Amino acid sequence: MSKLAAAIAEAQPRRNGTPCTMCSILDRLDDIDRKAVENMLRLDSGFYGTHIADLLTDNGHPIRDHAVQNHRRGRCGRGRAG
């Protein structure tokens, strides 16, 4: 294995300890709203990140589409929608 390949195999994503915006929103929602949002976040839901961000923002939970997408892709500590 090359030096670069070994370094990549051992690499861990950097986490700054701050939850992502989507995680913070989910933590503040009641059970019914959280489940509805989690269903919308599923990659097979048919919703685009922009639409999800608009719906959340319009309902008092400001978020940008790239933050929704990062969460859906698992680029945060708790992300990766089904």
Side-chain angles (χ1 to χ4, degrees):
M1 180 181 303
S2 74
K3 184 177 175 183
L4 176 58
I8 292 170
E10 293 178 17
Q12 296 293 318
R14 291 186 183 163
R15 307 269 186 243
N16 65 5
T18 305
C20 81
T21 305
M22 190 74 249
C23 288
S24 295
I25 290 171
L26 289 169
D27 287 345
R28 292 191 307 264
L29 297 175
D30 64 33
D31 291 340
I32 293 170
D33 287 344
R34 181 173 36 267
K35 188 64 178 171
V37 173
E38 287 172 347
N39 286 334
M40 227 175 29
L41 287 169
R42 291 179 51 86
L43 296 175
D44 62 356
S45 72
F47 288 96
Y48 290 101
T50 301
H51 190 197
I52 296 169
D54 289 346
L55 284 168
L56 289 168
T57 298
D58 290 348
N59 285 279
H61 304 283
I63 189 168
R64 298 173 83 174
D65 60 335
H66 71 273
V68 172
Q69 287 304 100
N70 284 339
H71 181 85
R72 288 176 109 180
R73 292 181 181 130
R75 292 185 179 154
C76 74
R78 199 171 58 191
R80 186 56 115 218

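The structure presented is a predicted model; accordingly, all values stated were derived computationally and were not measured.
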- Query: V37 versus M22: any side-chain heavy-atom pair under 4.5 Å?
  - Reply: yes
- Find out whether L26 and L29 are in side-chain contact, i.e. whether some heavy atom of one side chain is under 4.5 Å from a heavy atom of the other. yes
- Message: Restricting to side-chain contact (heavy atoms from CB on, under 4.5 Å), what partner residues turn up for A5, sequence neighbours left out?
- Response: M1, S2
- Item | Residues forming a side-chain contact (heavy atoms from CB on, under 4.5 Å) with D30, sequence neighbours excluded | I32, D33
Could you tell me the separation between the [atom1] atom of [X] and the [atom2] atom of [Y], rounded to the nearest 0.5 Å?
X   : Y   : atom1 : atom2 : result
D65 : N70 : CG    : CG    : 9.5 Å
L55 : H61 : CG    : NE2   : 11.5 Å
Q69 : L41 : CD    : CG    : 9.0 Å
E38 : D31 : CD    : CG    : 9.5 Å
I52 : I25 : CD1   : CD1   : 11.0 Å

- Item | Atom CZ of R28: over 12 foreign heavy atoms under 6.0 Å | yes
[X] to [Y] - nearest heavy-atom pair and separation:
X   : Y   : answer
M40 : F47 : CG-CD1, 3.2 Å
N39 : S45 : O-CB, 3.4 Å
A53 : R64 : CB-C, 3.8 Å

- Hydrophobic cluster mates of I8, side-chain heavy atoms under 4.5 angstrom, ILVMFWY only, any path? L4
